[in-house]
Colleague: 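My structure is below; once you've seen it, I'll send some questions.
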There are 2 protein chains.
Amino acid sequence: MSERGATVYEILRHVRPLVLNSARVVEASLRADGVSVGMRAVLEMLAEQGPMTVPDIADRLDLARQGIQRHVNDLAGLGWVESRINPAHRRSVLIATTPAGAELFARIREGELSRLDRMAAECTSEEITTALRVLAALSRDVRAEVRT
Amino acid sequence: MSERGATVYEILRHVRPLVLNSARVVEASLRADGVSVGMRAVLEMLAEQGPMTVPDIADRLDLARQGIQRHVNDLAGLGWVESRINPAHRRSVLIATTPAGAELFARIREGELSRLDRMAAECTSEEITTALRVLAALSRDVRAEVRT
DNA sequence: TCGGACATGACAACAATGATGTCATATCCA
DNA sequence: TGGATATGACATCATTGTTGTCATGTCCGA
């Protein structure tokens with residue numbers, strides 16, 4: 001068995017607790033605004049990529065459109081996102097952050113970034129950049145494997 | 001805002017879909033044996049670290065002991081793990097893989113490793129090792145943040 | 001040695017979320 | 001134009017993480 005595959009295996013062993021623990025860390029600030037981690041992911045997508053339809057968000061987050069629709073409906077109920085007429089499609093509306101929603105996400109992101117600055121202090125900027133490249137490649141290939 | 005923190009943020013953005021997609025990939029082989037991803041994690045811990053108590057497994061997986069107890073009970077019902085008398089504690093039994101359970105996990109792991117060999121082919125062995133180091137440090141620090 | 005703090009297994013209930021299915025209608029393409 | 005597909009709305013279910021309770025066993029300090 002190749003050493004490479006075994007190292008990738010070790011990486012994947014770390015990501016599950018990492019996702020759980022990072023969700024736990026941001027959970028408190030999110031609850032104060034009535035936002036769940038799923039809703040936060042939708043808000044992030046809209047804030048960074050601009051308005052898009054529900055199926056578009058679902059595709060980019062690798063989730064079913066039905067689940068995203070729930071998050072969008074919840075976010076709309078809270079006033080963080082709103083629908084806009086889609087010039088290219090009468091039935092499928094565009095979802096966009098409201099000014100308040102954009103502000104909320106900026107606040108959330110700022111708080112998270114300030115914590116992340118203190119993480120993995122022993123690693124250099126170059127190592128972290130390398131890790132990002134590896135993670136992105138791995139994520140891309142595993143994603144492709146799903147669609148096999 | 002530091003570039004470092006932003007890069008770590010990008011890493012964390014990748015891990016959530018990665019966890020979901022990797023779970024989807026291994027899901028099929030697991031279902032054939034009646035094993036869920038949670039049960040697989042417990043089986044992995046016991047196969048690699050040896051017999052331990054339910055609270056021990058929970059601590060190492062960053063999960064509540066109640067959830068682990070469910071997985072252990074399910075695994076025991078399927079004959080993949082069994083309890084042994086704990087010489088150091090009358091009430092808290094040791095959980096261990098059965099020979100069949102150890103064999104099952106070895107089979108699962110072998111299948112997963114063979115897939116992983118083809119992942120992130122553009123990355124060198126050194127880059128993957130660096131990524132593992134960064135992930136481990138990040139995971140450790142985020143875990144510590146939870147307990148704040 | 002005793003007593004209180006803590007650990008453990010068993011059981012229960014709940015919330016978030018991912019998966020799946022259906023249906024009416026709109027859209028798109030051959 | 002007509003059939004295939006996309007979309008929103010609604011519904012259901014399984015997995016799993018979280019939390020709480022209770023009886024009993026264990027451990028440590030006074």
Colleague: In whole angstrom, give the distance that lies between atom CG of Leu20(B) and atom P of dA16(C).
Modeller: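 To the nearest whole Å, that distance equals 18 Å.
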Colleague: Roughly, in whole Å, what's the span from CZ in Arg16(A) to P in dT16(D)?
Modeller: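 Roughly 9 Å, once rounded to whole Å.
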Colleague: More 5' along DNA chain D: Thr53(A) or Glu27(A), using each one's nearest nucleotide?
Modeller: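 Whichever sits nearer the 5' end wins; that is Thr53(A).
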Colleague: Give a yes/no on whether any side-chain N or O of Ser92(A) is located under 4.0 angstrom from OP1 or OP2 of dG8(D).
Modeller: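 Yes, because at least one side-chain N or O of Ser92(A) sits under 4.0 Å from OP1 or OP2 of dG8(D).
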Colleague: How many whole angstroms separate atom CE of Met52(A) from atom C1' of dG8(D)?
Modeller: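 That distance rounds to 18 Å.
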Colleague: Over how many whole Å does the gap from Asn86(A) atom CG to dC28(C) atom P extend?
Modeller: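 That distance rounds to 10 Å.
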Colleague: Pick the nucleotide of DNA chain C nearest each of Ala64(A) and Arg31(A); which residue has the one closer to the 5' end?
Modeller: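 Comparing both residues, the 5'-ward one is Arg31(A).
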Colleague: In terms of heavy-atom contacts, does CD of Gln49(B) have more than 12 from other residues, nucleotides or ligands at under 6.0 Å?
Modeller: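 Count over threshold, so yes.
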Colleague: For dT16(D) and Ser36(B) - does any side-chain N or O of the residue sit under 4.0 Å from the phosphate oxygens OP1/OP2?
Modeller: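 Yes, Ser36(B) has a side-chain N/O under 4.0 Å of OP1/OP2 on dT16(D).
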Colleague: For the base of dG17(D), is there a side-chain donor-acceptor partner from Gln66(B) under 3.5 Å away?
Modeller: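 Not at all, since no donor on one side and acceptor on the other fall under 3.5 Å apart.
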Colleague: Describe the nucleic acid contact of Gly67(A) in one word from base, sugar-phosphate, nothing, applying a heavy-atom distance below 4.0 Å.
Modeller: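 Here Gly67(A) touches no strand at all.
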Colleague: Counting neighbours of CD on Glu103(A) that are heavy atoms of other residues, nucleotides or ligands and sit closer than 6.0 Å, is the number greater than 12?
Modeller: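 Atom CD in Glu103(A) is not packed in, count stays at 12 or less.
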Colleague: State which of dA9(D), dG9(C), dT18(D) makes the closest approach to the side chain of Leu63(B).
Modeller: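 Nearest to the side chain of Leu63(B) among the choices is dT18(D).
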Colleague: Just how far, in rounded Å, is C1' of dA12(C) from CZ of Arg70(B)?
Modeller: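 Result: 11 Å.
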Colleague: Using a 4.5 Å cut-off on heavy atoms from C-beta on, say whether the side chain of Glu122(B) contacts that of Arg140(A).
Modeller: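 Result yes, sub-4.5 Å side-chain heavy-atom pair found.
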Colleague: Does one hydrophobic cluster hold both Leu75(B) and Leu94(B), with members joined at side-chain heavy-atom distances below 4.5 Å?
Modeller: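 No, it is not one cluster - the side chains of Leu75(B) and Leu94(B) are not joined through contacts under 4.5 Å.
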Colleague: Tell me whether Glu44(B) is salt-bridged to Arg40(B), with the criterion being a basic N under 4.0 Å from an acidic carboxylate O.
Modeller: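 Judged by the 4.0 Å cut-off on N to carboxylate O distance, Glu44(B) and Arg40(B) do form a salt bridge.
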Colleague: Take atom CE of Met39(A) and atom P of dA16(C), then tell me their distance rounded to the nearest Å.
Modeller: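 Checked: the CE to P distance equals 10 Å.
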Colleague: If you go through the side-chain atoms of Arg24(A), does one of them form a donor-acceptor pair with the base of dG17(D) closer than 3.5 Å?
Modeller: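 There is none.
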Colleague: How many Å lie between CG on Asn73(A) and P on dC10(D), as a whole number?
Modeller: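 Rounded to the whole Å, the gap is 8 Å.
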Colleague: In whole angstrom, what separates Asp59(A)'s CG from dT7(D)'s C1'?
Modeller: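 For the pair Asp59(A) CG and dT7(D) C1', the rounded distance is 12 Å.
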